[in-house]
Number of protein chains: 2
Amino acid sequence: MDNCFGDSMKNIGDIIRVAEQHCESRGTRLTKKRKHVLTALIESAKALSAYDLIDVCREKYGEDIPAMSVYRILEFLESENLVHKLSTASKYASCENIIGDKARCYSQFLICKSCSKVKEVGLKPTMIAELQATVKDASFKLVNPQLEMNCLCDDCA
Amino acid sequence: MDNCFGDSMKNIGDIIRVAEQHCESRGTRLTKKRKHVLTALIESAKALSAYDLIDVCREKYGEDIPAMSVYRILEFLESENLVHKLSTASKYASCENIIGDKARCYSQFLICKSCSKVKEVGLKPTMIAELQATVKDASFKLVNPQLEMNCLCDDCA
DNA sequence: TGCCTCAATGTTACATTATAACATCAAAAG
DNA sequence: CTTTTGATGTTATAATGTAACATTGAGGCA
């Protein structure tokens with residue numbers, strides 16, 4: 001079982017519903033546009049840029065969201081742990097385990113540098129511990145334990 | 001002993017000389033401007049953006065290098081393994097072990113997101129192996145095994 | 001020396017990613 | 001039904017990066 005939803009949680013409608021409840025329980029709202037951006041990311045196997053998302057929303061929902069709004073929406077979705085920013089690619093991907101047990105918020109992202117296909121894999125506790133030890137030894141504090149790995153997917157390799 | 005030069009290799013002049021020989025042996029040239037950009041990065045404890053480097057070169061060498069050239073120079077220095085691009089920060093840092101034994105080219109970069117202070121730490125072989133196994137299991141190929149960790153340094157924390 | 005060649009750099013223009021500042025709109029709460 | 005606050009729109013611009021073509025300069029060689 002690869003996510004926190006179990007086998008019953010397969011389709012996007014279900015995921016969106018969970019995301020909606022998640023927001024509600026935190027006193028925030030998953031508005032229509034936020035839902036559209038999130039859906040676009042969930043439906044995409046590839047990480048998308050903010051400007052990609054503008055295009056998708058126009059094509060799919062006939063909705064013209066200005067760049068500024070998309071960035072704000074992404075920022076919101078990130079703060080709700082529904083979306084990850086992949087800084088190395090300047091793109092965004094939906095979280096694989098939307099309502100996320102916190103133990104899994106340490107992730108490793110494999111990003112195809114050719115086609116942007118992305119896979120999120122949980123980090124093992126031993127890895128996390130080791131990474132944190134290194135950080136501590138170097139007198140730094142870890143802010144965001146997200147690892148991004150520059151890869152090629154099998155199709156592109 | 002923290003680098004491949006031993007204790008005798010402490011100052012910038014020595015490092016630059018090694019870098020120069022390294023290029024020469026590879027049939028490339030460490031020109032004056034390339035040397036200036038590399039020196040600026042070596043002397044900086046913080047990662048610098050391309051535009052930061054333009055400023056440093058102007059201030060320090062009275063030399064006006066256009067952005068395009070700085071990017072090309074950085075690309076060259078990267079290809080010679082003298083400099084790393086830190087994609088998460090859109091900044092650049094000199095390699096800590098310039099002529100680098102290849103075993104150390106798998107590095108972990110701790111980057112202070114507030115002041116850009118950066119520390120490069122070698123990854124342990126067990127870590128490398130584990131990261132690579134994950135990548136392979138997910139049907140990806142690792143292109144660049146550089147880990148960037150979003151941190152705060154002790155001063156900024 | 002003077003020419004040739006190719007690497008390095010310059011120039012111009014523009015693409016992409018992102019944010020600041022202020023205006024407007026809309027939903028929930030009194 | 002107004003008030004308040006969160007969400008979105010608008011405009012302008014900053015920051016990062018690249019494409020395409022022109023020019024310069026360093027070494028090799030007649």
Side-chain angles (χ1 to χ4, degrees), chain A residues 19-20 23-38 41 46-58 61-80 82-93 111 113-114 116 148 150, chain B residues 19-20 23-38 41 46-58 61-80 82-93 111 113-114 116 148 150:
Chain A
E20 220 160 1
C23 288
E24 216 165 299
S25 78
R26 292 178 31 102
T28 62
R29 281 180 311 144
L30 193 64
T31 62
K32 192 176 83 174
K33 303 204 168 181
R34 287 172 175 173
K35 219 177 287 186
H36 288 167
V37 169
L38 179 57
L41 286 173
K46 305 183 176 188
L48 301 174
S49 75
Y51 288 87
D52 291 339
L53 283 164
I54 291 174
D55 295 341
V56 172
C57 284
R58 182 170 31 241
Y61 304 107
E63 196 174 50
D64 242 309
I65 314 184
M68 191 63 250
S69 292
V70 169
Y71 278 105
R72 278 188 293 226
I73 287 169
L74 287 168
E75 186 183 25
F76 168 82
L77 294 172
E78 253 200 293
S79 75
E80 295 294 333
L82 299 169
V83 156
H84 299 287
K85 167 162 192 179
L86 304 176
S87 307
T88 55
S90 295
K91 291 183 193 301
Y92 303 81
I111 308 163
K113 73 168 186 172
S114 166
S116 295
E148 300 176 32
N150 195 221
Chain B
E20 220 161 1
C23 288
E24 214 165 298
S25 78
R26 292 175 33 102
T28 62
R29 281 179 311 145
L30 193 65
T31 63
K32 194 175 84 175
K33 303 203 168 185
R34 288 170 174 175
K35 217 176 288 184
H36 287 167
V37 169
L38 179 57
L41 285 174
K46 305 181 176 188
L48 300 175
S49 74
Y51 289 85
D52 291 340
L53 283 163
I54 291 174
D55 294 341
V56 171
C57 286
R58 182 170 33 241
Y61 304 107
E63 196 174 48
D64 243 307
I65 314 184
M68 190 65 249
S69 293
V70 170
Y71 279 106
R72 277 188 294 227
I73 287 170
L74 288 168
E75 186 182 26
F76 168 81
L77 295 172
E78 253 200 292
S79 75
E80 296 294 334
L82 300 169
V83 156
H84 299 286
K85 168 161 192 179
L86 304 176
S87 307
T88 56
S90 295
K91 292 183 193 301
Y92 303 81
I111 309 162
K113 72 167 188 172
S114 164
S116 296
E148 301 176 32
N150 192 222

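Chain letters run A, B, ... following the sequence lines, proteins first and then strands; every chain starts at 1. Keep in mind it's a predicted model, so treat the numbers as computed, not measured.
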Would you tell me if any nitrogen or oxygen in the side chain of Thr31(B) comes within less than 4.0 Å of OP1 or OP2 on dT9(C)?
yes
5' to 3', nucleotides 16-23 of chain C under a 4.0 Å protein heavy-atom cut-off (B base, S sugar-phosphate only, - none) gives -BBBBB--
In whole angstroms, how far is the [atom2] atom of [N] from the [atom1] atom of [X]?
X	N	atom1	atom2	value
Arg34(B)	dA7(C)	CZ	P	11 Å
Lys35(B)	dA8(C)	NZ	C1'	15 Å
Lys32(B)	dT9(C)	NZ	P	11 Å

The criterion is salt bridge (Lys or Arg N to Asp or Glu O under 4.0 Å); which residues satisfy it with [X], sequence neighbours excluded?
X	value
Glu20(A)	Lys35(A)
Arg26(A)	Glu80(A)
Lys85(A)	none

Over all heavy atoms of both residues, which pair between Leu86(B) and Glu148(B) is shortest? Give the atoms and the distance, please.
C-OE1, 3.4 Å
For Tyr92(B) versus Leu41(B), what's the shortest heavy-atom pair and its separation?
O-CD2, 3.3 Å
Taking side-chain hydrogen bond (donor to acceptor under 3.5 Å, both in side chains) as the test, write out the residues that go with [X], two or more places apart.
X	value
Lys91(B)	none
Ser79(B)	none
Arg72(A)	none
Ser114(A)	none

Donor-acceptor contact below 3.5 Å, side chain Thr28(B) vs main chain Cys23(B)
yes
Outermost contacting nts on DNA chain D, any atom under 4.0 Å from chain A heavy atoms, listed 5' then 3', are dA7(D) to dT10(D)
CA sep, side-chain torsions, deciding dist, call: Ile73(A), Leu53(A), side-chain contact (heavy atoms from CB on, under 4.5 Å)
CA-CA 11 Å; Ile73(A) 287 169; Leu53(A) 283 164; over 6 Å; no
Sequence-distant partners of Tyr51(B), ring-ring contact (aromatic ring centres under 6.0 Å, His included), two or more places apart:
none
Could you tell me, to 10°, how much the axis swings from one end of the helix from dT1(C)-dA30(D) to dG30(C)-dC1(D) to the other, five pairs per end?
10°
Sub-4.5 Å side-chain heavy-atom contact between Val37(A) and Leu74(A):
yes
Close N or O pairs between protein and nucleotides 24-30 of chain C (under 3.5 Å):
none

